[in-house]
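Structure first, commentary second.
Position 1 is the first residue of the sequence, and the numbers go up from there. No hydrogens, no waters, no symmetry mates; every other heavy atom, side chains included, goes into these values.
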Amino acid sequence: MFKRTFLMAIAFISMMVFASTASAQTTIYGCLNEVYMNGNKDAVHQNDVSPALHTTLTPNGDGSYKLELSEFKVGKMPAKLKVVADKVVLDGSTVNDCGNAIILSFGKGLKFDATITGSYDASTGKLEYKVQSVDASFLGVDFDARVHFTTECTIK
């Protein structure tokens, strides 16, 4: 009897931990109001891509987040871009150095280092951040990439 009760308690606790981890993830829709890829490009609105442009934030439990910007395409690029950074502090002042954060879906996928700065207010859902490539080059050609994600978009 004790063994059965103990196993049920372990199962219940495990389910609660899994549920709290899954619910902690937040998906925020917005736009890239500034896009620079070796020159200024048109903004990318959440309705311009499918599925809609969004950022997923998953708390790491230490005040930082795993940040994932969904795939998007800029202009006539043959590939899509996305951003995945594991440990980002969004306090408005911290410059986060993120290795392999910019992912270009070209072939097997190319990854580039980036810096990310921004702020997030969980009570209002307001999120804004800037991603900037660091010493990036493709086939020996240097390039500069910057995007600014915000929830304060004009409805399109």
Side-chain angles (χ1 to χ4, degrees), residues 14-92 94-139 141 143-156:
S14 298
M15 288 187 323
M16 295 304 292
V17 168
F18 176 74
S20 67
T21 301
S23 66
Q25 190 177 57
T26 303
T27 300
I28 302 168
Y29 295 89
C31 64
L32 299 175
N33 63 342
E34 296 174 21
V35 179
Y36 183 90
M37 303 281 178
N38 286 337
N40 288 319
K41 308 293 183 198
D42 292 335
V44 178
H45 192 273
Q46 66 188 29
N47 298 332
D48 293 340
V49 295
S50 181
L53 185 72
H54 63 277
T55 297
T56 302
L57 294 178
T58 306
N60 291 322
D62 61 359
S64 71
Y65 295 91
K66 178 176 183 180
L67 180 148
E68 296 180 63
L69 174 60
S70 61
E71 280 191 327
F72 63 96
K73 193 171 179 177
V74 176
K76 297 178 182 177
M77 284 179 49
K80 292 182 177 181
L81 291 166
K82 73 178 182 176
V83 176
V84 178
D86 290 325
K87 204 165 182 79
V88 177
V89 176
L90 297 168
D91 62 4
T94 300
V95 177
N96 301 275
D97 294 319
C98 305
N100 296 324
I102 299 173
I103 303 168
L104 179 66
S105 63
F106 191 78
K108 293 183 178 181
L110 302 170
K111 296 181 179 182
F112 305 95
D113 295 345
T115 59
I116 300 176
T117 55
S119 61
Y120 173 56
D121 184 342
S123 64
T124 63
K126 182 180 176 187
L127 171 66
E128 70 88 20
Y129 61 89
K130 178 181 176 182
V131 180
Q132 165 110 26
S133 63
V134 176
D135 299 327
S137 68
F138 179 63
L139 297 175
V141 177
F143 70 88
D144 185 21
R146 294 187 301 272
V147 296
H148 182 265
F149 180 93
T150 182
T151 52
E152 296 185 347
C153 306
T154 305
I155 300 299
K156 190 173 186 182

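- Each of Q132, E34, M37 was checked for a side chain to side chain contact (heavy atoms under 4.5 Å, CB included) with R146, and the lone residue meeting it is Q132.
- Under the salt bridge (charged side-chain N to carboxylate O under 4.0 Å, His left out) criterion, K130 pairs with no residue at all, not counting sequence neighbours.
- Rounded to the nearest 0.5 Å, atoms CG (L127) and OG (S119) are 7.5 Å apart.
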Requested in this report: Carefully, step by step, assess I116 and C98 under the rule side chain to side chain contact (heavy atoms under 4.5 Å, CB included).
Outcome: CA-CA 7 Å; I116 300 176; C98 305; 3.9 Å; yes
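- In this structure F112 satisfies the ring pair (Phe, Tyr, Trp, His ring centres under 6.0 Å) test together with F143, sequence neighbours excluded.
- In terms of the side chain to side chain donor-acceptor pair (under 3.5 Å) criterion, residue partners of N33 (sequence neighbours excluded) are, by chain and number, H148.
- Listed by chain and residue number, D121 satisfy the side chain to side chain donor-acceptor pair (under 3.5 Å) test with S123 (two or more places apart in sequence, or in another chain).
- For D62, the salt bridge (charged side-chain N to carboxylate O under 4.0 Å, His left out) partners at least two apart in sequence or on another chain are K87.
- Taking CG of L69 as the reference point, atom OG1 of T55 lies at 4.5 Å (rounded to 0.5 Å).
- Checked against side chain to side chain contact (heavy atoms under 4.5 Å, CB included), N40 has the following partners two or more places apart in sequence or in another chain: Y36.
- Residues that satisfy the side chain to side chain contact (heavy atoms under 4.5 Å, CB included) test with I103, not counting sequence neighbours, are K82, V84, K111.
- Taking 4.5 Å as the limit, every side-chain heavy atom of Q46 sits out of range of all side-chain heavy atoms of C153.
- Under the side chain to side chain contact (heavy atoms under 4.5 Å, CB included) criterion, K73 pairs with K80, not counting sequence neighbours.
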Report task. Take V44 and C31 through the side chain to side chain contact (heavy atoms under 4.5 Å, CB included) test and state the conclusion after the steps. Result -> CA-CA 6 Å; V44 178; C31 64; over 6 Å; no
Query raised in the report: Are F72 and L32 close enough, and set up right, to give a side chain to side chain contact (heavy atoms under 4.5 Å, CB included), and what steps lead you there?
Result: CA-CA 10 Å; F72 63 96; L32 299 175; 3.6 Å; yes
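- Residue pairs that meet the ring pair (Phe, Tyr, Trp, His ring centres under 6.0 Å) test with at least one member in residues 114-136, sequence neighbours left out, are Y65-Y120, Y129-F149.
- With sequence neighbours excluded, the residues forming a side chain to side chain contact (heavy atoms under 4.5 Å, CB included) with T56 are Q25, T27, H54, T58, E68, listed by chain and number.
- Side-chain contact between D97 and D113 is absent, with no heavy atoms from C-beta onward closer than 4.5 Å.
- When the side chain to side chain donor-acceptor pair (under 3.5 Å) test is applied to K126, the partners found at least two apart in sequence or on another chain are E152.
- Under a 3.5 Å cut-off, the side chain of S133 and the backbone N or O of A145 do form a donor-acceptor pair.
- Between A114 and V131, the shortest heavy-atom distance links the atoms CB-CG1, 3.9 Å.
- Distance CG/D42 to CG/D48: 9.0 Å, rounded to 0.5 Å.
- Annotation: K41, atom NZ; neighbour count of heavy atoms from other residues, nucleotides and ligands within 6.0 Å is above 12.
- Under the side chain to side chain donor-acceptor pair (under 3.5 Å) criterion, T94 pairs with D91, not counting sequence neighbours.
- In this structure, N96 CG and L90 CG are separated by 7.0 Å, a value rounded to the nearest 0.5 Å.
- Contact between A85 and A101 at its shortest, heavy atoms only, is CB-CB, 4.3 Å.
- Within 6.0 Å of CG in D135 there are 12 or fewer heavy atoms belonging to other residues, nucleotides or ligands.
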